[in-house]
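Quick one: this structure, given as structure tokens, is what I'll be asking you about.
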Amino acid sequence: MLLRADKLGRSVPGKVLVTEATFEVRQAEILAIVGPSGSGKSSLLRLLNRLDEPTEGNVCLDEVDYRQIAPRELRRRVGMVMQRPYLFAGTVLDNLRFGPRQRAEDLSLMAADELLAGVGLSGFASRDVSNLSGGEAQRVSFARALANSPEVLLLDEPTSALDEDAKREVEAVIERIGHEQGVACVLVTHDAAQAARLAQRVLVLESGRVVRIGLAAEVLRA
């Protein structure tokens, strides 16, 4: 067990977004979160690295309550890739170096090239981000997150804005991250077929509550 949520929830005035969510994420596992629109999938994801603050329950990372971890350190260890890539102006290399520089570390060109090779973008370090396609920009977002050496990656519908070819390229990146690099991934998706292709386990959320969790083939067949 790498990440564990225990009765996790968040309410805002007049609305319960998530309530009593209990589940765990294991090292090198891809866990998909599925459910109807408005069920709280993205809200649950944002609670896992305190982008939003829970109003009930807690999360442990490596058996440590994540409130005991400084927010910047927590978000390095539990990274996030959003639905649309938000890259900084400049080169791909500038973007990859951003996170390490926040820790007074310098990401070498060799290390950057290795990260880019891992997302299928060998030789892209010097490219200006304004010249990237949507799929390339999303893969740079993955490389930028991986430059922080995360233990967990939170993925909020990372392929929903892409065409079919770019979608499959990003799915291949997610598989490599989980299976080859040992990073745990929590994938929010509205696409049950994508969950079946990528995830070992699936969590179904309805009205902010976990209604099923288990092996992907069993849950998606139910």
Side-chain angles (χ1 to χ4, degrees), residues 2-3 5 8-10 12 15 17-19 21 23-25 29-54 59 61 66 71-72 74-88 95 98-99 119 132 134-148 150-164 166-178 181 183-210 213 216:
L2 184 57
L3 188 76
L8 185 66
R10 176 174 169 82
V12 296
K15 187 172 184 180
L17 301 175
V18 179
T19 186
F23 61 94
E24 62 185 38
V25 187
E29 175 183 36
I30 300 174
L31 172 71
I33 299 177
V34 302
S37 179
S39 60
K41 300 186 298 295
S42 293
S43 295
L44 175 56
L45 201 71
R46 291 174 62 86
L47 293 175
L48 296 179
N49 68 353
R50 293 183 71 191
L51 282 176
D52 290 333
E53 198 70 20
V59 175
L61 176 64
Y66 75 168
R72 179 177 288 183
L74 175 65
R75 289 167 196 151
R76 181 195 70 76
R77 296 173 63 187
V78 184
M80 192 165 193
V81 175
M82 308 297 287
Q83 183 178 29
R84 295 184 181 273
Y86 293 101
L87 302 179
F88 310 121
N95 275 266
F98 178 81
V119 298
L132 300 176
E136 289 166 350
Q138 189 64 297
R139 284 183 281 161
V140 170
S141 295
F142 276 88
R144 186 174 64 185
L146 292 171
N148 288 322
E151 298 165 51
V152 183
L153 267 186
L154 310 177
L155 311 175
D156 193 0
E157 304 227 30
T159 66
S160 63
L162 304 178
D163 62 32
E164 195 62 29
K167 175 179 177 179
R168 292 308 177 100
E169 290 170 354
V170 170
E171 287 184 356
V173 169
I174 295 169
E175 286 188 307
R176 285 198 295 271
I177 290 169
Q181 301 182 34
V183 177
C185 296
V186 183
L187 170 69
V188 163
T189 180
H190 66 278
D191 185 345
Q194 182 177 74
R197 286 193 297 269
L198 295 178
Q200 287 79 55
R201 291 190 303 141
V202 170
L203 179 156
V204 180
L205 204 65
E206 293 180 3
S207 301
R209 291 184 178 274
V210 177
I213 185 169

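Position 1 is the first residue of the sequence, and the numbers go up from there.
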Open item on the list: Nearest 0.5 Å, please: how far is CD in Q200 from SG in C185?
Closed with: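 Nearest 0.5 Å value for the SG-CD distance: 9.0 Å.
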
- [ ] Answer yes or no: is there a side-chain heavy-atom contact under 4.5 Å between V59 and L48?
- [x] yes

Open item on the list: Is any side-chain heavy atom of H190 closer than 4.5 Å to one of S37?
Closed with: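 Sidechains of H190 and S37: no contact.
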
Task: V152 side chain near R77 side chain, heavy-atom distance below 4.5 Å - done: no

Task: Spacing of CD1 belonging to I33 relative to CG belonging to L187, to within rounding of 0.5 Å - done: 8.5 Å

Open item on the list: Do R176 and F142 form a cation-pi contact, if we require the NZ or CZ to be under 6.0 Å from the six-membered ring centre and within 45 degrees of the ring's axis?
Closed with: no

TODO: Take L17 and V12, measure what side chain to side chain contact (heavy atoms under 4.5 Å, CB included) needs, and give me the verdict at the end.
DONE: CA-CA 7 Å; L17 301 175; V12 296; 4.0 Å; yes

TODO: For residues V78 and E151, determine if any side-chain heavy atom of one lies less than 4.5 Å from a side-chain heavy atom of the other.
DONE: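 No; the side chains remain at least 4.5 Å from each other.
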
TODO: Could you check if a side-chain atom of R46 sits within less than 4.5 angstrom of a side-chain atom of R10, using non-hydrogen atoms only?
DONE: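 Side-chain contact under 4.5 Å: no.
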
TODO: Take I213 and V202 through the side chain to side chain contact (heavy atoms under 4.5 Å, CB included) test and state the conclusion after the steps.
DONE: CA-CA 6 Å; I213 185 169; V202 170; over 6 Å; no

Open item on the list: Using the rule given for side chain to side chain contact (heavy atoms under 4.5 Å, CB included), can you reason through Q83 versus V188, listing the C-alpha separation, both sets of side-chain angles and the distance that settles it, and then say yes or no?
Closed with: CA-CA 10 Å; Q83 183 178 29; V188 163; over 6 Å; no

- [ ] Look up atom CD1 in I174 and atom CG in L153, then write down how far apart they are to the nearest 0.5 Å.
- [x] 9.0 Å

TODO: For R84, look at atom CZ and say whether over 12 heavy atoms of other residues, nucleotides or ligands are found less than 6.0 Å away.
DONE: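 Counting other residues, nucleotides and ligands, CZ of R84 stays at 12 neighbours or fewer.
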
Task: Donor-acceptor contact present, side-chain N95 to main-chain L87, <3.5 Å - done: no

- [ ] Starting at CG of L146, measure out to OG of S141 and round the result to the nearest 0.5 Å.
- [x] 10.5 Å

Open item on the list: Do E24 and E29 have side chains that approach each other closer than 4.5 Å (heavy atoms only, starting at C-beta)?
Closed with: no

TODO: Could you tell me whether the side chain of R201 and the main chain of L31 form a donor-acceptor pair under 3.5 Å?
DONE: no

Task: Least distance between heavy atoms, Y86 atom then R144 atom - done: O-NH2, 2.7 Å

- [ ] Check whether any side-chain heavy atom of E164 lies under 4.5 Å from a side-chain heavy atom of R168, and answer yes or no.
- [x] yes

Open item on the list: Return the CG to CG distance between L154 and L45, rounded to the nearest 0.5 Å.
Closed with: 4.5 Å

Task: Side chain proximity check, L61 to L74, heavy atoms < 4.5 angstrom - done: yes

Open item on the list: Donor-acceptor check, side chain of K41 to backbone of G35, threshold 3.5 angstrom: yes or no?
Closed with: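 Side chain of K41 to backbone of G35, a donor-acceptor pair under 3.5 Å: yes, one is there.
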
Task: Spacing of T159 atom OG1 and D191 atom CG [to the nearest 0.5 Å] - done: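 If we round to the nearest 0.5 Å, T159:OG1 and D191:CG are 7.0 Å apart.
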
TODO: Decide side chain to side chain contact (heavy atoms under 4.5 Å, CB included) for E169 and E136; before the verdict, give the C-alpha distance in whole Å, the side-chain angles of both, and the deciding distance to 0.1 Å.
DONE: CA-CA 9 Å; E169 290 170 354; E136 289 166 350; over 6 Å; no

